[in-house]
*Asks:* 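Below is one structure. I have some questions about it.
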Amino acid sequence: MSAAASHPRTTGGLFVTFEGGDGAGKTTQSTLLEEWVADAGRTVVRTREPGGTEVGALIRDIVLHHRGEVAPRAEALLYAADRAHHIETVVRPALARGDVVIQDRYLDSSVAYQGAGRVLGRDEVRDLSLWAAEGLLPDLTVLLDLDPAAARARLDADDKPFDRLEAERESFHARVREEFLALAGAEPDRFLVLDATLPAEQLAAAVRDRVRPLLG
Ligand code: TYD
């Protein structure tokens, strides 16, 4: 991984990302972690991709709400552009200050979603993201694993209109899930995989157990 090696982490901050399909409960879990880390006296920067910056909010609007086709390479580049700006202007400065960054979605989402379309390969999507983020990898990635049918039932219960990706077919979401699990299997030290059907408090406790030693 030459991109990663070219830009090692040199800070006292901690970078935690949450990944998983739509409706897996990432927002709930990142909120619970944020509260716990703040109670422990650390400064938390809570953020997300796409859309963690002003530029990113514009990109988010295109990738999630544009009606009509977006070519797969264009979509991958839009997420990468959002990421490049977000990492440089929000995440790296926070880590340099020693803050704890808790982020909903990061490069694993690109590999899982843009790669799952089967037009783009896993490695090229990952390399694009690593280039965009100058090699920055999270210290910990929590994968909330959920069967796509269960996820769909949760989203239906929400009663909000689906965005472009949520509206994809179930087979797409099944591939996304498989890709996330494959990524976690390839990097077991970075990932914590949790069954998203467990009660929120039980999931939060498992996340805290993994984060506690990383806080130092
Ligand atoms: P968002 O509403 O933030 O997701 P969530 O379902 O977590 O509330 O929407 C983000 C969507 O963008 C989601 O469907 C996944 C997708 N996505 C990608 O396809 N590639 C990426 O690199 C990222 C970060 C997200």
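Since the model is a prediction, treat every value here as computed from it, not as a measurement. As the structure lists them, so they are numbered: ligands from 1, and atoms in each ligand from 1.
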*Asks:* Can you find a heavy atom in the side chain of V91 that is under 4.5 Å from one in the side chain of Q103?
*Replies:*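 With C-beta onward as the side chain, the pair touches.
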*Asks:* Please compare H173, R83, R60 and report which has the shortest non-hydrogen distance to atom 1 (P) of ligand 1.
*Replies:*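 Of the listed residues, R60 has the closest heavy atom.
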*Asks:* So is there a nitrogen or oxygen of Y106 less than 3.5 Å from a nitrogen or oxygen in ligand 1?
*Replies:*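 No.
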*Asks:* Taking distance alone, with N or O pairs closer than 3.5 Å, would you say E49 contacts ligand 1?
*Replies:*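 Among all N and O atoms of E49, none is under 3.5 Å from an N or O of ligand 1.
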*Asks:* Considering non-hydrogen atoms of the protein only, which is the closest contact for atom 16 (C) of ligand 1, and what is the distance?
*Replies:*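 Looking only at protein heavy atoms, the one closest to atom 16 (C) of ligand 1 is Y79 OH, 3.3 Å.
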*Asks:* Using a 4.0 Å heavy-atom threshold (strictly under), name the region of E75 that reaches ligand 1: side chain, backbone, both or neither.
*Replies:*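 It is neither; nothing of E75 touches ligand 1.
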*Asks:* Indicate, as side chain, backbone, both or neither, the part of L64 found under 4.0 angstrom from ligand 1 when only non-hydrogen atoms are considered.
*Replies:*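 Just the side chain.
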*Asks:* Under a 4.0 Å N-O cut-off, is there an ion pair linking K26 with E34?
*Replies:*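 No.
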*Asks:* Measuring from non-hydrogen atoms of R48 to any atom of ligand 1, is the shortest distance under 4.0 Å?
*Replies:*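 For ligand 1, residue contact (heavy atoms, under 4.0 Å) with R48 is absent.
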*Asks:* Between R42 and D99, is there a salt bridge with N-O shorter than 4.0 Å?
*Replies:*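 Not counted as a salt bridge, because no side-chain N and carboxylate O are separated by less than 4.0 Å.
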*Asks:* Heavy-atom distance under 4.5 Å between the side chains of R73 and L120, does that happen here?
*Replies:*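 A side-chain contact under 4.5 Å exists here.
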*Asks:* Pair T89, T53 - check side chain to side chain donor-acceptor pair (under 3.5 Å), show working.
*Replies:* CA-CA 8 Å; T89 64; T53 62; 5.5 Å; no
*Asks:* Pairs of nitrogen or oxygen atoms closer than 3.5 Å, one from D22 and one from ligand 1: do any exist?
*Replies:*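 Yes; at least one N/O pair falls below 3.5 Å.
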*Asks:* When you compare the side chain of D82 with that of R60, does any pair of heavy atoms fall below 4.5 Å?
*Replies:*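 Sidechains of D82 and R60: no contact.
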*Asks:* What atoms in ligand 1 come closer than 4.0 Å to a heavy atom of Q114?
*Replies:*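 Result: 18 (C), 19 (O), 20 (N), 21 (C), 22 (O).
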*Asks:* In terms of residue, atom name and distance, what is the protein heavy atom nearest to atom 4 (O) of ligand 1?
*Replies:*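 Of the protein heavy atoms, R105 NE, 3.4 Å lies nearest.
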*Asks:* In the complex you have, is atom 8 (O) of ligand 1 within reach of the protein, judged by whether a heavy-atom distance drops under 4.0 Å?
*Replies:*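 When distances to the protein are checked, atom 8 (O) of ligand 1 has no heavy atom within 4.0 Å.
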*Asks:* Distance alone, cut at 3.5 Å: any donor-acceptor contact between the side chains of S109 and E19?
*Replies:*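 Yes, because at least one side-chain N or O of S109 sits under 3.5 Å from a partner of the opposite role on E19.
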*Asks:* Is the distance from the ring center of F15 to that of Y106 below 6.0 Å?
*Replies:*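 Yes, the ring centres sit under 6.0 Å apart.
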*Asks:* Checking a contact table here: which protein heavy atom is nearest atom 22 (O) of ligand 1, and how many Å away?
*Replies:*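 Going atom by atom, the protein heavy atom closest to atom 22 (O) of ligand 1 ends up being S110 OG, 2.5 Å.
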